[in-house]
Protein chains: 2
Amino acid sequence: MTKSAAPYHHGSLKDALVDEAAAMIAEGGVDGVTMRAIGERLGVSRAAPYRHFPDKTALIVAVAATGFARLSHRLRSVDAEAAGASLGRIRRMGEEYIRFAIENPAHYRVMYGKEALARREQPELRQAGDAIFDHLVDVLRAHQRSGGIKRQDPRVQAYVAWSAAHGLASLLIEEQILADVDVDAVIGQTTNALLNGLRRRARR
Amino acid sequence: MTKSAAPYHHGSLKDALVDEAAAMIAEGGVDGVTMRAIGERLGVSRAAPYRHFPDKTALIVAVAATGFARLSHRLRSVDAEAAGASLGRIRRMGEEYIRFAIENPAHYRVMYGKEALARREQPELRQAGDAIFDHLVDVLRAHQRSGGIKRQDPRVQAYVAWSAAHGLASLLIEEQILADVDVDAVIGQTTNALLNGLRRRARR
DNA sequence: GGGGGCATGTTGACGCGATCAACATGCCCC
DNA sequence: GGGGCATGTTGATCGCGTCAACATGCCCCC
């Protein structure tokens, strides 16, 4: 994809910067990332990063973009596995979203959470985020057609679903949920509540 | 409550600082708040705020604390109005939480959202947040006793409910939800899904 | 085969924001 | 009527983002 192994001076500083930035975000948030410190960690000078990113924001954007690529890939994978219009497909997408957040907290933070950049001003991220959202809307639309879920504005349904997943993901990675609580139960019940809300209610 | 009207030099700089900080957070996030700028806006020098807050963090903490006080007050109010154990009581609390976030985005951001401080390290905020959460748990417990909702770990139920409300509040104040979507519908459906998830399912 | 040129890095300098220290100014209390 | 604390102010220091000028490899073209 990018440069391969050992080009010029450092090697592939650009990729290393993105990885290191993510690590530093996980440790101390975006403020914990300083051009000076990241340079030092990678054995280059403070201004070296500027040869690869116009400014610090661009570096953080790259981290977010990497995150969007990963999340998109994961969602499409589980979605492909569980093709068709079973409700399980939606459940798995929700779980995968939350799992992604837990496994990539730094990326999630700059994508959607605390530390998130003004997506509105970063066309690249905006597009990536929209693509994921649109995919969800498509999935919901498909389920509406096949009769599994209520017929109503699929975008509203998508926002409801996203809200639940995002809220839970945020609380989990910001460690707002106490350790002695059964996290899996919370995740399970959240997705259940969500599916119940979407499911076409059987006439009683 | 605090100082009254016109004490020493400025008047009540302390309160003014908290208000102004909230306004500045709404405009440009916590990074948009600089001791210099806030001083200038209030007609004092850059170091004046230090006479009232040991550092910038303390000022932001004060904003968050104000927010917690307001939210707590609002929740207790609606809760009192709709006493008893009707499901409507839970719905109203959820709606009020979201409404608070929409009306006080700056406060919400530093309390729970993006820009949130490490609550873990601010005993004052930690306690305020816990109190609100515990109150929710109590309400859920009461509803369990009166049979309105499923009997299961009320803390898990509380986290599920909080996740949904927090997720929606976050997306709304971060303007992630497009303007042409029916926001009230999203709010309504979120709370509905939540209540359905909590409600004791009628045996069919 | 050698020189020019671009890609990469490095160091020095500037400006901004947080914060501390030393100094100024009201007011209230004894 | 003066001392002392509460409030403010100005000067100075330090870290950080960022730009400019300068250094260093390497690859490509003649």
*With rounding to the nearest 0.5 Å, note down the distance linking CG in A:Asp182 to CD in B:Gln152.*
11.0 Å
_How many whole angstroms separate atom NE2 of B:His52 from atom P of C:dT19?_
16 Å
*Side-chain contact test, heavy atoms from C-beta onward, threshold under 4.5 Å: evaluate it for B:Val63 versus B:Thr66 and give yes or no.*
no
_Using Watson-Crick or G-U wobble geometry with both distances under 3.5 Å, which nucleotide pairs with C:dC14?_
D:dG17
*May I have the distance from B:Ile38 (atom CD1) to C:dA18 (atom P), rounded to whole angstrom?*
10 Å
*Can you check the A:Arg51 CZ to D:dT24 P distance for me, whole Å?*
15 Å
*Value in whole Å for how far the C1' atom of D:dT10 lies from CD of B:Glu40*: 15 Å
*Return yes if a side-chain donor-acceptor contact under 3.5 Å exists between B:Tyr97 and B:Tyr112, otherwise no.*
no
*asked:* Using whole Å, what does the distance between atom C1' of nucleotide C:dA18 and atom CG of B:Leu59 come to?
replied: 13 Å
*For C:dC30, give its Watson-Crick or G-U wobble partner with both distances under 3.5 Å, or none.*
D:dG1
*Distance-only polar pair, side chains of B:Arg200 and B:Gln144, donor-acceptor under 3.5 Å*: no
*Where protein sits on nucleotides 14-19 of chain D, one letter per nucleotide: B base, S sugar-phosphate only, - none, heavy atoms under 4.0 Å*: --BBB-
*d(CZ, A:Phe53; P, C:dG9) in whole Å*: 12 Å
_A:Glu96 and A:Arg99 ion-paired at < 4.0 Å_ = yes
*asked:* For C:dT25, give the paired nucleotide (Watson-Crick: N1-N3 plus N6-O4 or O6-N4; G-U: N1-O2 and O6-N3; both under 3.5 Å), or none.
replied: D:dA6
_A:Tyr159-A:His166 side chain donor-acceptor pair, cut-off 3.5 Å_ = no
